[in-house]
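When a ligand or atom number is given, it counts from 1 through the structure's own listing order.
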Amino acid sequence: MARIQAVRGMNDILPADTPAWRYLEDTSKQLFAQYGLEEIRTPIVESTDLFKRSIGEVTDIVEKEMYTFEDRNGDSLTLRPEGTASVVRACEEHGLLYNQTQRLFYTGPMFRHERPQKGRYRQFHQIGVECFGFNGPDVDAELIVMTYRLWQRLGLADQVRLQINSLGTAACRDTFRSALLEFLRPLKDQLDEDSQRRLDTNPLRILDSKNPHTQSLLADAPRFEDFLSEESKAHFDSLCRTLDAQAVPYEINPRLVRGLDYYCLTVFEWVTDALGAQGTVCAGGRYDGLVEQLGGKACPAVGFAMGIERLILLLQSLNLLPETVGNNVDIYIVAAGAGTEGYALEVAEALRAASPSIRVRLHHGGGSFKSQLKKADKSGAVHALIIGEGELADRRVTLKSLRSDAAQETLAFEALPGKLNGLI
Ligand code: ATP
Ligand code: MG
């Protein structure tokens, strides 16, 4: 029978790669805790309307990328293409925005029906942060500083560049939109197909077009900065000053609009040149209108999401994973000879009880000492514990270093937990 394969664009993450994933996730979570963030987990499936209403009907995601289906009740459901809408829904539903502020993070799979290629998949994973109830720009700045600290901890700081822009408030966007329309209307015939359609529905998105000819037409288009109110300008200036003070390098990119409808004021992206076309590893901004748009009481908000796959690709291709990442075993126990199996398990359990962080792999399936020691070596373990009939007879174990020439040593069973400190 033909073998069934994974769905195109949806990847297995195999044991060889999960340590890198955990390293990235753990490093992020440890950092987020330092900034006082709490975790939220929401379902992977939501009502289709949630994404239509939040992301915007005239966006790539809603127009062409969503995994939407009817469930057995005939309800239209969608696999989440991003995390923000779900977090807003959950916060509203549980009253988390009522007279309080929130600083939250989430992590998990997202689904978009895009053309799979390096750094672009149909199931991909994000780590995201959302803060509610703060007008900024102090919180905008702190979040960006936090992302910079993450790159520093991962050794990526000189591989990624920060681009920022301000979209202004809703009022600034309206005047800008009119000016942009006036500029683009005469050029309509020269625009790419998507952009022509968006002229009437969502002209700001044209700035985000990936079509090179459309981009070249935009060279003389009006710029956001000329339409910012004093208040919007002050917000942006303050953000820039804080980034300067924290020595976070940035570029102002007047073309940066972000793909989703709900952004205002601060928008930012961290991009790399090391991944080809899929260069954005982290993106976010302020979305003060979204909570109200989804039926809640107006509440300012700011957040970002980073793409785990792209960051892992970056860490792997630049060899930035610490050596310890990927090593899953500290001690490998080999046992051969009549009656030694039970004693080997007893030794393994004693070690595990003595230290919750120790990783002990117990050999299963028998075989000679020689073949077992080969497996021990392959496992990456630093030490092997050898148990033969002699060790069983007087309740001892033989400790052998697999990574140095140190002489073998035979110890009493009782002495083993005490020996651990020096071992791992
Ligand atoms: P792009 O311009 O690359 O399509 P986007 O603007 O659609 O990105 P966001 O919706 O802002 O992306 O998502 C935040 C991050 O999630 C991106 O910067 C990227 O790192 C990651 N990401 C988005 N879509 C995918 C995908 N299909 N596969 C892998 N990672 C993705
Ligand atoms: Mg996209």
Side-chain angles (χ1 to χ4, degrees), residues 6-11 13 17 21 24-25 28 51 54-56 58-67 78-88 105-130 143-144 147 150-151 154 156 159-165 167 194 202 204-212 214-215 253 255-263 266-287 290 302-317:
V7 176
R8 188 164 126 82
M10 307 211 177
N11 300 314
I13 302 155
D17 289 322
W21 281 65
L24 176 59
E25 289 161 357
S28 308
F51 302 115
S54 58
I55 297 169
V58 195
T59 54
D60 281 347
I61 292 183
V62 173
E63 282 180 338
K64 9 182 173 167
E65 297 174 358
M66 293 207 303
Y67 279 90
T78 293
L79 300 185
R80 63 180 184 196
E82 55 105 46
T84 305
S86 309
V87 172
V88 171
F105 77 89
Y106 60 84
T107 168
M110 307 293 161
F111 303 84
R112 297 184 194 175
H113 197 275
E114 305 193 70
R115 191 169 70 79
Q117 53 199 293
K118 183 181 166 196
R120 191 175 294 287
Y121 312 102
R122 291 181 172 173
Q123 173 173 329
F124 63 99
H125 297 74
Q126 289 183 337
I127 302 179
V129 169
E130 317 288 355
L143 286 189
I144 294 176
T147 54
L150 181 61
W151 315 140
L154 295 170
L156 285 175
Q159 300 295 333
V160 289
R161 288 177 287 117
L162 172 62
Q163 304 202 330
I164 56 174
N165 191 23
L167 306 182
D194 276 344
N202 192 354
L204 292 193
R205 284 296 322 282
I206 297 174
L207 296 178
D208 205 31
S209 164
K210 294 201 166 83
N211 182 293
T214 300
Q215 274 305 329
N253 175 358
R255 293 261 168 274
L256 188 66
V257 291
R258 308 279 310 113
L260 315 185
D261 266 1
Y262 48 58
Y263 287 105
T266 308
V267 286
F268 69 94
E269 286 193 1
W270 286 97
V271 294
T272 175
D273 299 323
L275 289 180
Q278 273 56 252
T280 307
V281 293
C282 173
R286 179 161 279 282
Y287 51 98
L290 182 62
V302 57
F304 66 82
M306 46 198 192
I308 299 187
E309 281 84 353
R310 291 185 194 177
L311 287 167
I312 300 276
L313 278 172
L314 204 51
L315 290 168
Q316 286 174 337
S317 67

Near A283 (heavy-atom distance under 4.0 Å), the atoms of ligand 1 are 11 (O)
Between D60 and ligand 1, which residue portion shows a heavy-atom distance shorter than 4.0 Å: side chain, backbone, both, or neither?
neither
Nearest heavy atoms of L290 and S54, plus distance in Å:
CD1-CB, 3.5 Å
Within-shell test, R310 vs ligand 1, heavy atom, strictly < 4.0 Å
yes
Looking at T280, which atoms of ligand 1 are within less than 4.0 Å of one of its heavy atoms?
17 (C), 18 (O), 19 (C), 20 (O)
Looking at A305, which atoms of ligand 1 are within less than 4.0 Å of one of its heavy atoms?
14 (C), 15 (C)
Q278 and E309, any side-chain heavy atoms less than 4.5 Å apart:
no
Nearest heavy atom to atom 10 (O) of ligand 1, choosing from M110, R122, R112, E114, belongs to R112
With a 4.5 Å heavy-atom cut-off, do L275 and L313 have their side chains touching?
yes
Give yes or no for whether the N/O distance cutoff of 3.5 Å, strictly under, is met between Q126 and ligand 1.
yes
List the steps and the verdict of salt bridge (charged side-chain N to carboxylate O under 4.0 Å, His left out) for D273 and R161.
CA-CA 9 Å; D273 299 323; R161 288 177 287 117; 2.9 Å; yes
Give a yes/no verdict on whether any heavy atom in K210 is under 4.0 Å from an atom of ligand 1.
yes
Answer whether the closest heavy-atom distance between the side chains of H113 and K64 falls below 4.5 Å.
no
Geometric N/O contact R120 with ligand 1, under 3.5 angstrom:
yes
